[in-house]
Amino acid sequence: MLASFISEPILPLEASFDTGGMARGEPGLPQRFRWREKEFTVEEVLERWKEHGDCRNGSGERYVRKHGYRVRVTDGAIFRIYFQRTQGTGKLPKSRWWIHSIESCAPPAAQAD
């Protein structure tokens with residue numbers, strides 16, 4: 001699989017959040033989102049992860065900074081998306097949901113006759 005780095009915000013669509021994740025204290029993964037004026041629907045969650053960081057005040061505590069997901073959408077594309085809890089300054093980012101990358105299959109190699 002080849003991955004194309006994107007690093008662009010997505011717009012979660014209303015009433016499409018995973019309430020089960022929210023009940024566990026995680027962000028509600030949007031089941032539908034808009035990116036580059038196209039709507040996508042999550043078909044399957046393939047992987048989940050968290051990124052942690054040290055407390056910025058020197059207390060030694062660690063906090064979850066990002067929640068990441070590798071998802072397959074209905075057209076078969078695989079997106080790596082993440083939820084960013086804060087920016088480096090501790091402030092909320094303008095957009096909290098981002099596409100990290102999109103995976104696609106490599107084109108088949110041309111066969112020699």
Side-chain angles (χ1 to χ4, degrees):
M1 293 284 223
L2 297 175
S4 297
F5 180 67
I6 304 295
S7 189
E8 293 179 12
I10 61 174
L11 177 64
L13 298 179
E14 285 186 45
S16 73
F17 293 97
D18 170 26
T19 55
M22 294 167 73
R24 293 187 301 273
E26 300 173 357
L29 175 66
Q31 299 303 298
R32 293 185 6 243
F33 60 90
R34 184 172 291 122
W35 172 62
R36 292 185 179 175
E37 300 181 21
K38 184 176 176 189
E39 223 174 271
F40 295 89
T41 301
V42 173
E43 185 173 87
E44 180 183 9
V45 177
L46 304 171
E47 184 180 356
R48 298 171 191 264
W49 67 93
K50 296 176 187 175
E51 293 181 19
H52 298 83
D54 293 332
C55 175
R56 293 184 176 94
N57 297 325
S59 71
E61 296 174 326
R62 294 183 50 80
Y63 295 96
V64 177
R65 301 285 183 221
K66 290 182 185 177
H67 291 264
Y69 303 87
R70 187 169 166 256
V71 299
R72 183 184 325 275
V73 296
T74 51
D75 71 359
I78 297 175
F79 286 82
R80 292 178 73 90
I81 63 176
Y82 65 91
F83 177 85
Q84 185 165 344
R85 290 202 171 267
T86 61
Q87 296 181 152
T89 59
K91 297 179 183 175
L92 294 179
K94 289 181 182 178
S95 178
R96 298 184 81 180
W97 285 100
W98 293 78
I99 292 177
H100 176 272
S101 58
I102 300 174
E103 296 177 21
S104 62
C105 295
Q111 295 182 359
D113 290 344

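Each residue takes its place number in the sequence, starting with 1. Note that the coordinates shown come from a computational prediction; the quantities given were computed from them, not determined experimentally.
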Rounded at 0.5 Å granularity, tell me how far CZ in Arg70 sits from CG in Leu46. 5.0 Å
Around atom CD of Glu14, are there more than 12 heavy atoms from other residues, nucleotides or ligands closer than 6.0 Å? no
Of all residues at least two apart in sequence or in a different chain, which pass the ring-ring contact (aromatic ring centres under 6.0 Å, His included) check with His67? none
Distance in Å, Glu51 CD paired with Trp49 CH2, rounded so as to fall on 0.5 Å steps: 8.0 Å
Value for CD (Glu103) from CZ (Arg72), rounded to nearest 0.5 Å, stands at 9.0 Å
Kindly compute the distance separating CD (Glu8) from CZ (Arg36), expressed to the nearest 0.5 Å. 4.0 Å
Rounding to 0.5 Å, atoms CD (Glu61) and NE2 (His52) come to a distance of 13.0 Å
pair Arg24-Asp18: side-chain heavy atoms closer than 4.5 Å: yes
Which pair of non-hydrogen atoms, one from Asp75 and one from Lys38, has the smallest distance, and what is that distance? OD2-NZ, 3.7 Å
Please examine the side chains of Arg96 and Gln84, heavy atoms only from C-beta on, and report whether any two atoms are closer than 4.5 Å. no
Tell me who clusters with Ile10, hydrophobic residues only, linked when side chains sit under 4.5 Å apart either directly or through other members. Ile6, Phe17, Met22, Leu29, Phe33, Trp35, Phe40, Val42, Val45, Tyr69, Val71, Val73, Phe79, Ile81, Phe83, Trp97, Ile99, Ile102
